[in-house]
Amino acid sequence: MRIMLTCIMLIFFTLLNFTPSVTKNTGGNQAGQQKPVFNVLVLTERGGQHEGFVSSALKWLEKISVENNFKVTVINHAKGLTGDYLARYKVFIQLDYPPYMWSDTSMTAFVKYIEKGKGGWIGFHHATLLGEFDGYSMWKWFSGFMGDIRFENYIAGKAEGKVIVEDSIHPVMKGVPVSFTVGEEEWYTYNKSPRPNVRVLAHVDESTYKPASGIKMGDHPVIWTNEKMKARNVYILMGHDASLMRNDSYVRIFRNAIEWTSGHKLK
């Protein structure tokens, strides 16, 4: 009888504490802490070749969220997103999650969030995997949001490359050197440059690839923002390897992006 009662209690408390798709809450609102200054939602792609980067980025987010008293909620799929759910968050970080596998409800909610300026958005790497993948069709609105582009190719073997800052005035590039090197990156290319439709903050100098690669765009933006949207937004192409979170310039950009999109100064 005692064993049965214990099992029933364990099942009860497991159900009581279950939250679909949420894997971790970090930052403010813990015992002895003040109410969080703002909330951040992180939509992640887990497992596979991006797991190292995602895991390292989440650990870093946990650290700065505690230091700056904001709360981070991590989810692993986009299907259940609604307008009411997104309204809880000041910043939405799309951490290597692709622009497909979203439900119609979640797509509608996200479009409103961005077009109406309900919060800020930071997208990384896989967020521009635009095209027909895994049986999903192209999300045309998202393609327009990213500058009317379609994913075309990538350097599968990875390469080192020098990133050149074009817009040092923009808050996302504050304190970032005029150029910095990124190693072990899977540089994505697109059917065309997004430049005519977005504000480019930085590009990669394709002549600096090590090893050299024939997979090039010519004009190859890697950080940009779409100023046609009310939401503060920035896309960062680099997001493949865990070593990025040991790159001071990259971490500075990530930090600046959170500060800018949230509208709150970080320590």
Side-chain angles (χ1 to χ4, degrees), residues 17-29 36 38-66 68 70-82 85-103 105-107 109-111 113-114 118-130 133-134 136 139 142 145-146 151 154 158 182 184-186 188 222-223 231 233-247 250-251 253-258 261-262:
N17 289 296
F18 176 71
T19 305
S21 81
V22 175
T23 57
K24 181 177 281 189
N25 293 295
T26 65
N29 208 26
F38 62 95
N39 297 317
V40 175
L41 180 64
V42 185
L43 175 60
T44 65
E45 177 189 67
R46 303 311 304 265
Q49 59 185 333
H50 295 140
E51 176 61 26
F53 168 73
V54 169
S55 179
S56 296
L58 289 177
K59 288 178 182 177
W60 178 79
L61 278 168
E62 181 175 359
K63 178 177 180 293
I64 68 160
S65 69
V66 171
N68 292 276
F70 64 85
K71 183 178 179 181
V72 175
T73 298
V74 182
I75 61 174
N76 299 323
H77 66 74
K79 294 178 181 179
L81 296 180
T82 65
Y85 185 78
L86 286 177
R88 306 174 194 174
Y89 300 98
K90 191 74 172 178
V91 180
F92 184 134
I93 298 178
Q94 198 170 324
L95 193 63
D96 272 17
Y97 195 90
Y100 59 92
M101 298 187 295
W102 300 54
S103 66
T105 298
S106 63
M107 288 191 288
F110 182 73
V111 169
Y113 185 83
I114 299 298
K118 301 291 185 179
W121 177 85
I122 308 168
F124 289 90
H125 197 50
H126 227 184
T128 55
L129 195 63
L130 289 154
F133 292 96
D134 299 332
Y136 293 88
W139 185 354
F142 206 110
F145 175 39
M146 289 291 93
F151 175 88
Y154 69 113
K158 298 181 288 186
V182 168
E184 298 294 305
E185 187 52 55
E186 206 181 47
Y188 287 175
V222 293
I223 305 175
N233 64 86
V234 60
Y235 171 71
I236 301 166
L237 182 148
M238 298 78 71
H240 182 80
D241 193 82
S243 61
L244 284 165
M245 299 311 299
R246 299 190 295 273
N247 184 315
Y250 184 86
V251 172
I253 292 167
F254 198 159
R255 186 186 188 90
N256 287 349
I258 295 172
T261 54
S262 70

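Residue numbers run from 1 in the order of the sequence given. None of the values given here were measured: they were computed from a predicted structure.
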*Asks:* Please evaluate residues Phe110 and Phe142 with respect to the criterion side chain to side chain contact (heavy atoms under 4.5 Å, CB included), reporting the C-alpha separation (whole Å), side-chain torsions for both, the decisive distance (0.1 Å), and the verdict.
*Replies:* CA-CA 10 Å; Phe110 182 73; Phe142 206 110; 3.7 Å; yes
*Asks:* Between Ser55 (side chain) and Gly52 (backbone), is there a donor-acceptor pair under 3.5 Å?
*Replies:* no
*Asks:* For Ile236 versus Tyr250, what's the shortest heavy-atom pair and its separation?
*Replies:* CG2-CE1, 3.9 Å
*Asks:* Would you name the heavy atoms of Phe124 and Met238 that are closest together and state the gap between them?
*Replies:* CD2-O, 3.9 Å
*Asks:* Which pair of non-hydrogen atoms, one from Ser262 and one from Lys90, has the smallest distance, and what is that distance?
*Replies:* O-CE, 3.1 Å
*Asks:* What's the separation between atom OG in Ser106 and atom OH in Tyr85, rounded to the nearest 0.5 Å?
*Replies:* 12.5 Å
*Asks:* Can you tell me how far apart CG (Asn39) and CG (Leu86) are? Round to the nearest 0.5 Å.
*Replies:* 12.5 Å
*Asks:* Show the numbers, then the answer: is there a side chain to side chain contact (heavy atoms under 4.5 Å, CB included) between Lys71 and Val40?
*Replies:* CA-CA 6 Å; Lys71 183 178 179 181; Val40 175; over 6 Å; no
*Asks:* Is there a donor in the side chain of Tyr188 and an acceptor in the side chain of Thr128, or the other way round, less than 3.5 Å apart?
*Replies:* no
*Asks:* Are the side chains of Asn233 and Phe92 in touch, meaning some heavy atoms are under 4.5 Å apart?
*Replies:* no
*Asks:* Which pair of non-hydrogen atoms, one from Gly239 and one from Asp96, has the smallest distance, and what is that distance?
*Replies:* O-OD2, 2.7 Å
*Asks:* Supply the atom-to-atom distance Gln94 CD to Leu41 CG, rounded to the nearest 0.5 angstrom.
*Replies:* 10.5 Å
*Asks:* Rounded at 0.5 Å granularity, tell me how far CG in Leu130 sits from CZ in Phe151.
*Replies:* 10.0 Å
*Asks:* Report the C-alpha separation of Asp241 and Phe53 in whole Å, then their side-chain angles, then the decisive distance to 0.1 Å, and conclude whether the side chain to side chain contact (heavy atoms under 4.5 Å, CB included) test is met.
*Replies:* CA-CA 5 Å; Asp241 193 82; Phe53 168 73; 5.7 Å; no
*Asks:* Give the minimum heavy-atom separation between Ala231 and Tyr113, together with the two atoms involved.
*Replies:* CB-O, 4.0 Å
*Asks:* For a side chain to side chain contact (heavy atoms under 4.5 Å, CB included) check, start with the C-alpha distance between Leu61 and Ile258, then their side-chain angles and the critical distance, and finish with the verdict.
*Replies:* CA-CA 10 Å; Leu61 278 168; Ile258 295 172; 3.6 Å; yes
*Asks:* Among Ile122, Asn76, Leu58, Val54, find the residue that satisfies the side chain to side chain contact (heavy atoms under 4.5 Å, CB included) test when tested with Val42.
*Replies:* Leu58
*Asks:* Could you check whether the rings of His50 and His125 sit parallel, tilted or perpendicular, using 30° and 60° as the cut-offs?
*Replies:* perpendicular
*Asks:* Using the side-chain hydrogen bond (donor to acceptor under 3.5 Å, both in side chains) rule, take His126 and Glu45 through it: C-alpha gap first, then chi angles, then the decisive distance, then the call.
*Replies:* CA-CA 9 Å; His126 227 184; Glu45 177 189 67; 2.8 Å; yes
*Asks:* Could you grab the distance from atom OH of Tyr154 to atom NE2 of His240, nearest 0.5 Å is fine?
*Replies:* 9.0 Å
*Asks:* Compare every heavy atom of Ala127 with every heavy atom of Tyr235, then report the nearest pair and how far apart it is.
*Replies:* CE1-CB, 4.1 Å
*Asks:* With a 4.0 Å cut-off, would you call Lys158 and Glu186 a salt bridge?
*Replies:* no
*Asks:* Decide ring pair (Phe, Tyr, Trp, His ring centres under 6.0 Å) for Phe145 and Trp121; before the verdict, give the C-alpha distance in whole Å, the side-chain angles of both, and the deciding distance to 0.1 Å.
*Replies:* CA-CA 11 Å; Phe145 175 39; Trp121 177 85; 4.9 Å; yes
*Asks:* Less than 4.5 Å apart, side chain to side chain, heavy atoms only: is that true for Ile93 and Thr261?
*Replies:* no
*Asks:* Can you check whether Phe254 and Trp60 have ring centres sitting under 6.0 Å from each other?
*Replies:* yes
*Asks:* Flag the pair Glu62 / Val72 as yes when at least one side-chain heavy-atom distance between them is below 4.5 Å, and no otherwise.
*Replies:* no
*Asks:* Enter the distance from Leu43:CG to Leu95:CG here, rounded to the nearest 0.5 Å.
*Replies:* 8.5 Å
